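No experiment lies behind these values; they were computed from the predicted model shown.
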Amino acid sequence: KGKIEDITVKVRAKKETILKFHLRESYDLWDFSSTKDIIHREIKVRQGENMIKIRINREFKEAIYWFFFEENGGISCISQ
């Protein structure tokens with residue numbers, strides 16, 4: 001059990017765009033079948049390199065969680 005305040009990711013955007021973030025729970029380390037979002041955020045990203053902070057601010061029970069960004073051809077992830 002613990003609290004996550006935010007997740008910070010460095011991205012590069014070819015043009016200004018919206019990055020769609022999804023956080024989901026899993027029953028197994030290799031299971032990515034869940035379609036139910038615990039958190040969904042849409043983040044406006046400027047052209048060029050950006051450090052984006054995704055606000056979570058939530059307590060989580062002990063479990064396995066995973067997140068992903070919807071495919072966006074104008075964005076590449078540099079680090080997390």
Side-chain angles (χ1 to χ4, degrees):
K1 188 174 182 177
K3 184 173 185 175
I4 297 176
E5 295 291 335
D6 51 60
I7 297 172
T8 303
V9 181
K10 188 175 183 180
V11 298
R12 181 178 298 126
K14 293 179 183 176
K15 61 181 182 176
E16 188 173 293
T17 190
I18 300 293
L19 186 60
K20 296 180 181 180
F21 169 86
H22 302 264
L23 177 69
R24 297 178 177 173
E25 188 172 359
S26 178
Y27 69 88
D28 180 88
L29 185 60
W30 302 109
D31 170 57
F32 303 104
S33 63
S34 175
T35 58
K36 183 179 177 185
D37 288 336
I38 297 170
I39 294 175
H40 173 254
R41 300 278 189 266
E42 292 190 7
I43 305 106
K44 188 174 182 178
V45 179
R46 297 181 323 265
Q47 181 178 0
E49 288 189 13
N50 299 271
M51 291 297 291
I52 58 169
K53 186 178 281 190
I54 303 156
R55 188 77 174 143
I56 305 298
N57 194 29
R58 183 172 173 161
E59 288 277 341
F60 289 91
K61 65 181 181 181
E62 187 172 313
I64 299 170
Y65 300 91
W66 58 284
F67 70 86
F68 72 96
F69 299 104
E70 286 185 26
E71 186 175 344
N72 183 326
I75 294 274
S76 57
C77 184
I78 299 171
S79 68
Q80 48 185 356

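The CG atom of Asn72 lies 9.5 Å from the NZ atom of Lys14; values are rounded to the nearest 0.5 Å. Once rounded to the nearest 0.5 Å, the distance linking NZ of Lys15 with CD of Gln47 reads 10.0 Å. Annotation: the span from Lys44 atom NZ to Leu19 atom CG amounts to 14.0 Å, rounded to 0.5 Å. Atom OH of Tyr27 sits about 10.5 Å away from atom OG of Ser34, to the nearest 0.5 Å.
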* Asked: Step by step, would you call Phe21 with Ile52 a side chain to side chain contact (heavy atoms under 4.5 Å, CB included)?
  -> CA-CA 11 Å; Phe21 169 86; Ile52 58 169; over 6 Å; no

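Contact detail for Arg46 and Ala13: the closest heavy-atom pair is O-CB, 3.4 Å. Between Arg41 and Ile39 the shortest heavy-atom distance is NH1-CG2, 3.3 Å.
Residue pairs meeting the salt bridge (Lys or Arg N to Asp or Glu O under 4.0 Å) criterion with at least one partner in residues 25-38, sequence neighbours excluded, are Arg24-Asp37, Glu25-Lys61.
Residues Ile56 and Phe67 have side chains not in contact (no heavy-atom distance under 4.5 Å, counting atoms from C-beta outward). The side-chain heavy atoms of Tyr65 and Ile4, taken from C-beta on, include no pair separated by under 4.5 Å. No side-chain heavy atom of Phe69 sits less than 4.5 Å from a side-chain heavy atom of Ile75.
Between Glu59 and Lys3 no salt bridge is recorded (no basic side-chain N to carboxylate O distance below 4.0 Å).
For Arg58, the side-chain hydrogen bond (donor to acceptor under 3.5 Å, both in side chains) test picks out no residue, with sequence neighbours left out.
Between His22 and His40, the two ring planes are tilted [angle within 30° to 60°].
Residues Leu23 and Ile18 fall into different hydrophobic clusters, defined by Ile, Leu, Val, Met, Phe, Trp and Tyr side chains chained together at heavy-atom separations under 4.5 Å.
Side-chain contacts under 4.5 Å among hydrophobic residues (ILVMFWY), followed directly or transitively, place Trp66 together with Phe32, Phe68.
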